**Student:** 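Pasting in a structure now, in structure tokens, and then I'll have a few things to ask.
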Amino acid sequence: MTSFSGRELAGSLLFLAGATVAVFVTGRHDLVAMVSAALGSGLGLVVSRPTAWPGWLPVALALILAAATASALLPIGSASMPAWRGGAPVMVDLAGSFAAMPPHVLGWWLVLFATMAAGWFLLAAPLDASQLRIFLHCVAGVVAGYAAVSIAQAHTDWEFPFSGGANFGLLPNRNHTATLLVVGSIVSFGLMQWEVSRSHRIGAALSALWGAPSLAALLFFSTSRAGVVFLIVGFALWAAGAMGTAVRRKTALGAAGALLAFLLVLFVLGGSTVRDRLGSLWSDVMVMEAGDGETGDVDFRQPVFRDTWRMIADAPLTGQGMGHFEFVFPHYREASLTSSRVLHPESDWLMVAAESGVPAVLALLGLVAWYFVRCWRGRKESGGLLRWTAASAIGATLAHGIIDVPWHRPALGWFLLTVALVSVPPGAVVLRRPVLWRGLQIVLGLSLVAAAAYIGQRATTYRPPLVYRWEGYA
């Protein structure tokens, strides 16, 4: 039987605090965001203690993912060499591996490995229902604060010091902001239902307070069409899972249906930029279906997707190497060939396939399936609805990742991953040799704190780590 103490909650909140600061500052300072995430995670590991064994399946899948992402470091034969590597002019000497710049891959691989190790210890220190309730209130409150600051910046002359320059929000991309707002909206709604079902009036009022700015920002201030679409996806996931929990089926469906209907009326009648953009997209689709317009792409993502598939086909098993997309993709541009620069393939999943290969995508899908199966099976346990609420929000972000890259913004990805891992139901097996695991956890925590100090020092001397300096290999 897994035991719970306040140390697990304190550790989880330190993880969340580091991720929160990272989200708020990453618009201007990626390195400061990395420092914050590493420092918060390191301190969280030092404070917390492992109590439960998460199981061998996530460990095995994570190791497969680590091996798949490192496979780009393998030597490449002349028969497998992409055409651009042989004839295209380059500014640096390219290596004889699938990855043109192995140190770049190694740098991001170390970040990934540290993330997986910290994530395992987060899984090994699960929260009970009362602790998870507090944690999710903090998550919803953080997003509400982000929404309030974004609205204030958009409608006053004041500018947030770390704003990323997007037309709405503090993150550099409007769809990244929309992803965060979707998470806050769904978590707030699920929390409110859980509080109401237990007659917690103050908790329900706080949940509504957190949800109001997140929903308002998403529907009336944001310009992201995908945000509205995946908000609906998240609510649908929540309703599907909530029907088998302490919240009765009619209550779950009624609450979700009433909220969606109310929001739809406000959205349609209230007027917003995103509503107009959705209407314009629908009109373009109808014109193409009717054959009244020229044959073409409805959205700029489509030609980028096609060219990314060509890039994947050149190295389907190993990928081109983590961190390589921005620099390798120009050699594959045909359908998307314009004067604009393409930093990513407009899809988290295509990004993984292009940089790390199809096996990495399959391993990642396995981890996602494991996560949702665990949360689905734990719906009727203590705190099951809270865990499914978080899973529904994460599911919406993973679906959003099909047509955008919210998870590849490191600060936002770590925030989402923290929410996902903390919400996993506790394992039934008590962790053996807790002293040994506790010692390893402290070592990892102190290593992350040291890494944060190193990155911070490099940032102050204007010589960031190699993962941020492609030209540093020359």
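These values consider heavy atoms only, across backbone and side chains, with no hydrogens, waters or symmetry-generated copies. Treat the numbers as computed from the prediction; the structure is a model and nothing was measured.
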**Student:** Evaluate the side-chain proximity of L362 to P359: yes if any heavy-atom separation is below 4.5 Å, no if none is.
**Tutor:** no
**Student:** Output all residues satisfying side chain to side chain donor-acceptor pair (under 3.5 Å) with S188, sequence neighbours left out; order by chain, then residue number.
**Tutor:**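 Partners of S188 under the side chain to side chain donor-acceptor pair (under 3.5 Å) test: none.
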**Student:** Using a strict threshold of under 4.0 Å (side-chain N to carboxylate O), is an ion pair present between R306 and E346?
**Tutor:**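 Salt bridge absent between E346 and R306.
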**Student:** Does the side chain of W210 come within less than 4.5 Å of V139's, by heavy atoms?
**Tutor:** no
**Student:** Are F221 and H155 an aromatic pair by the rule of ring centers under 6.0 Å?
**Tutor:** yes
**Student:** Should the heavy atoms of other residues, nucleotides or ligands under 6.0 Å from CZ of F160 be counted, would the total exceed 12?
**Tutor:** yes
**Student:** Please tell me whether T69 and W108 have a donor and an acceptor in their side chains that are separated by less than 3.5 angstrom.
**Tutor:**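 There is no such pair between these side chains.
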**Student:** Taking the six-membered ring for Trp and the full ring for Phe, Tyr or His, determine whether the centres of F113 and W109 are under 6.0 Å apart.
**Tutor:**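 Between F113 and W109, the centre distance is under 6.0 Å.
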**Student:** Between P345 and F305, is there a side-chain heavy-atom distance shorter than 4.5 Å?
**Tutor:**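 No. Closest side-chain heavy atoms not under 4.5 Å.
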**Student:** Can you name the closest pair of heavy atoms from F325 and L343 and give their distance?
**Tutor:** CD2-O, 3.6 Å
**Student:** Using the ring of W376 (Phe, Tyr or Trp, six-membered ring only), decide whether R379 places NZ or CZ under 6.0 Å from its centre and within 45 degrees of its axis.
**Tutor:** yes
**Student:** Below 4.5 Å, heavy atoms only, C-beta onward: do L317 and F98 meet side chain to side chain?
**Tutor:** no
**Student:** Quick one: which of L231, V233, L237, I232 gives a side chain to side chain contact (heavy atoms under 4.5 Å, CB included) with F235?
**Tutor:**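 It is L231; the other options fail the test.
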**Student:** Without hydrogens or angle criteria, can the side chains of T20 and Y146 be said to hold a donor-acceptor pair below 3.5 Å?
**Tutor:**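 No, because no side-chain N or O of T20 sits under 3.5 Å from a partner of the opposite role on Y146.
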**Student:** Can you find a heavy atom in the side chain of L191 that is under 4.5 Å from one in the side chain of T389?
**Tutor:**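 Answer no - side chains too far apart.
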**Student:** When you look at CH2 of W158, are more than 12 heavy atoms from neighbouring residues, nucleotides or ligands closer to it than 6.0 Å?
**Tutor:**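 Atom CH2 in W158 is crowded, with more than 12 foreign heavy atoms closer than 6.0 Å.
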**Student:** On a heavy-atom basis, which atom in S12 and which in V422 lie closest, and how many Å separate them?
**Tutor:** OG-CG2, 3.9 Å
**Student:** Please determine, by modelled atom types, if W414 and T115 share a side-chain donor-acceptor pair under 3.5 angstrom.
**Tutor:** no
**Student:** Can a side-chain donor-acceptor contact be found between W388 and S392 if the only test is distance below 3.5 angstrom?
**Tutor:** yes
**Student:** Can you tell me how far the OG1 atom of T308 sits from the NE2 atom of H344, to the nearest 0.5 Å?
**Tutor:** 10.5 Å
**Student:** Side chain of H331, backbone of F329: donor and acceptor closer than 3.5 Å?
**Tutor:** no
**Student:** Quick one: side chain to side chain donor-acceptor pair (under 3.5 Å) partners of D314, sequence neighbours excluded?
**Tutor:**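 Side chain to side chain donor-acceptor pair (under 3.5 Å) check on D314 returns Y332.
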